Number of protein chains: 2
Amino acid sequence: MRMKTIRKEEGPIAGRPVTNQRSLLLDIIRQANRHLDADELYRLAKKREPRISLATVYRNLKLFKELGLIAERKLGDTHSHYEIRGAADHHHLVCLGCGQVIEFESPFIAKATDKIKRENDFDVTSIQLKMEGYCSKCKKKMK
Amino acid sequence: MRMKTIRKEEGPIAGRPVTNQRSLLLDIIRQANRHLDADELYRLAKKREPRISLATVYRNLKLFKELGLIAERKLGDTHSHYEIRGAADHHHLVCLGCGQVIEFESPFIAKATDKIKRENDFDVTSIQLKMEGYCSKCKKKMK
DNA sequence: ATGAAAGATGCAAACATTTGAAAAATATTT
DNA sequence: AAATATTTTTCAAATGTTTGCATCTTTCAT
């Protein structure tokens with residue numbers, strides 16, 4: 001029995017060369033059930049592909065994001081985290097006082113997105129919504 | 001007639017020391033009717049305050065953002081732009097193919113924000129919403 | 001299979017932003 | 001008005017991310 005050939009259109013990385021580095025990176029992100037940052041991903045990848053470079057990690061993160069496979073999270077000031085993009089998009093509310101992060105979903109946002117897509121005939125591959133401000137505790141402290 | 005003393009609570013930079021650098025930076029941002037990036041702001045500020053440092057620019061941009069005075073825009077990959085925050089919040093739709101940026105407002109987003117504020121008793125000082133994807137032209141090109 | 005073309009990788013360097021620490025400025029208390 | 005406490009500024013160094021270029025790999029068409 002012959003192996004079935006995988007044509008490019010069928011793979012998740014549509015129309016792009018499938019390199020070892022590329023599928024390794026996507027594998028790692030898929031199997032990690034958490035937010036990873038670029039450096040964590042780089043160190044995990046090095047275990048199986050020791051010559052991989054950090055630039056390749058960044059370039060592929062950018063590609064995966066553009067293809068809508070992962071979501072980039074910029075919650076703190078210093079660096080981004082990445083995670084597999086599941087069915088429901090969720091967003092973040094960040095308190096500038098104590099740093100707590102509240103995740104939320106919103107049917108209003110989903111509606112807004114649909115409308116935007118329709119009105120502009122756009123194929124939206126990623127949504128980044130972050131609201132910042134002060135939670136009730138931190139509000140009080142500041143008075 | 002005596003000059004009226006300005007107490008800190010009355011100024012726009014609530015409860016913070018009003019330094020030359022700080023008010024200069026806010027002035028420049030106010031008078032520029034466009035998105036400025038950190039480096040542009042730095043060079044403009046240097047004309048009036050030659051010893052100002054880039055670190056001060058960044059630290060104050062961060063402060064102004066937290067106070068809700070300006071909005072940070074992360075439209076490209078490389079660096080942020082900043083603008084005075086007007087009455088109506090607007091958001092951005094970025095095409096990853098051709099780079100065009102469409103600004104939009106949405107009552108759905110406003111509703112979502114209100115709800116989030118109420119449900120979490122949060123004081124929201126900034127909203128960053130960016131959608132990325134492919135416009136109708138770029139969609140077709142990719143086939 | 002083979003060769004040409006397109007695209008990806010690794011390295012090093014550039015760029016953008018954040019941070020620690022000492023000195024300076026501003027605000028508060030006496 | 002002086003002394004003290006608080007916050008900001010500057011400089012330099014560290015961190016995080018992007019990019020140019022030469023080389024290598026994958027894909028496509030024969």
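All of these numbers come straight from a predicted model, not from anything done at the bench. Lettering of chains follows the sequences in order, A, B, ..., and the numbering in each one begins at 1.
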Taking atom [atom2] of [N] as reference, at what distance in whole Å does atom [atom1] of [X] sit?
X	N	atom1	atom2	result
A:Y58	C:dA12	OH	P	18 Å
A:E49	C:dC11	CD	P	12 Å
B:R22	C:dT26	CZ	C1'	10 Å
A:I52	D:dT25	CD1	P	14 Å
A:L61	C:dT9	CG	C1'	15 Å
B:L24	C:dA25	CG	P	16 Å
A:L36	D:dT17	CG	P	13 Å
B:N60	C:dT19	CG	C1'	15 Å

Any donor-acceptor N or O pair under 3.5 Å, side chains B:Y58, B:K62: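 Distance-only check fails for B:Y58 and B:K62.
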
- Query: Are B:E83 and B:H35 linked by a side-chain donor-acceptor pair shorter than 3.5 Å?
  - Reply: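 Judged by distance alone, the side chains do pair up.
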
Presence of B:R16 side-chain N/O under 4.0 Å of D:dT8 phosphate oxygens OP1/OP2: yes

*Using a cut-off of strictly less than 4.0 Å, decide whether A:Q21 has a side-chain nitrogen or oxygen near OP1 or OP2 of C:dG10.*
yes

For a quick check of understanding: with a heavy-atom distance under 4.0 Å over all strands, which category does B:T56 fall into, base, sugar-phosphate or nothing? base

Counting heavy atoms from C-beta on, name the nucleotide in [options] closest to the side chain of [X].
X	options	answer
A:P17	C:dT18, D:dT27, C:dT17	D:dT27
B:R51	C:dT9, D:dC11, D:dT8	D:dC11
A:H79	D:dT27, D:dT17, C:dA12	D:dT17

Shortest non-hydrogen contact between A:Y82 and A:L61, atoms and distance: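 Nearest pair, atom of A:Y82 first, then A:L61: CE1-CD1, 3.5 Å.
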
Between B:D39 and B:T19, whichever has its closest DNA chain C nucleotide further toward 5' is B:D39

Heavy-atom nearest nucleotide on DNA chain C taken for B:E72 and for A:S53; more 5' hit belongs to A:S53

Name the pairs: protein N/O against N/O of nucleotides 21-23 of chain D, kept only if under 3.5 Å.
none

Atom NZ of B:K74 with >12 non-hydrogen neighbours under 6.0 angstrom:
yes

Checklist entry - In terms of heavy-atom contacts, does NZ of A:K130 have more than 12 from other residues, nucleotides or ligands at under 6.0 Å? => result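 Atom NZ in A:K130 is crowded, with more than 12 foreign heavy atoms closer than 6.0 Å.
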
For B:N20 and for B:D77, locate the closest nucleotide of DNA chain D by heavy-atom distance; then report the residue assigned to the nucleotide nearer the 5' terminus.
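In this pair, the answer is B:N20.
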
Closest to the 5' end of DNA chain D, once B:L54 and A:A38 are matched to their nearest nucleotides, is B:L54

query = Should the pair A:H81 and A:H79 be assigned to parallel (<30°), tilted (30 to 60°) or perpendicular (>60°) ring geometry?
reply = tilted

>> Between the side chains of A:R73 and A:E103, is the shortest nitrogen-to-carboxylate-oxygen separation below 4.0 Å, so that they form an ion pair?
In response: no

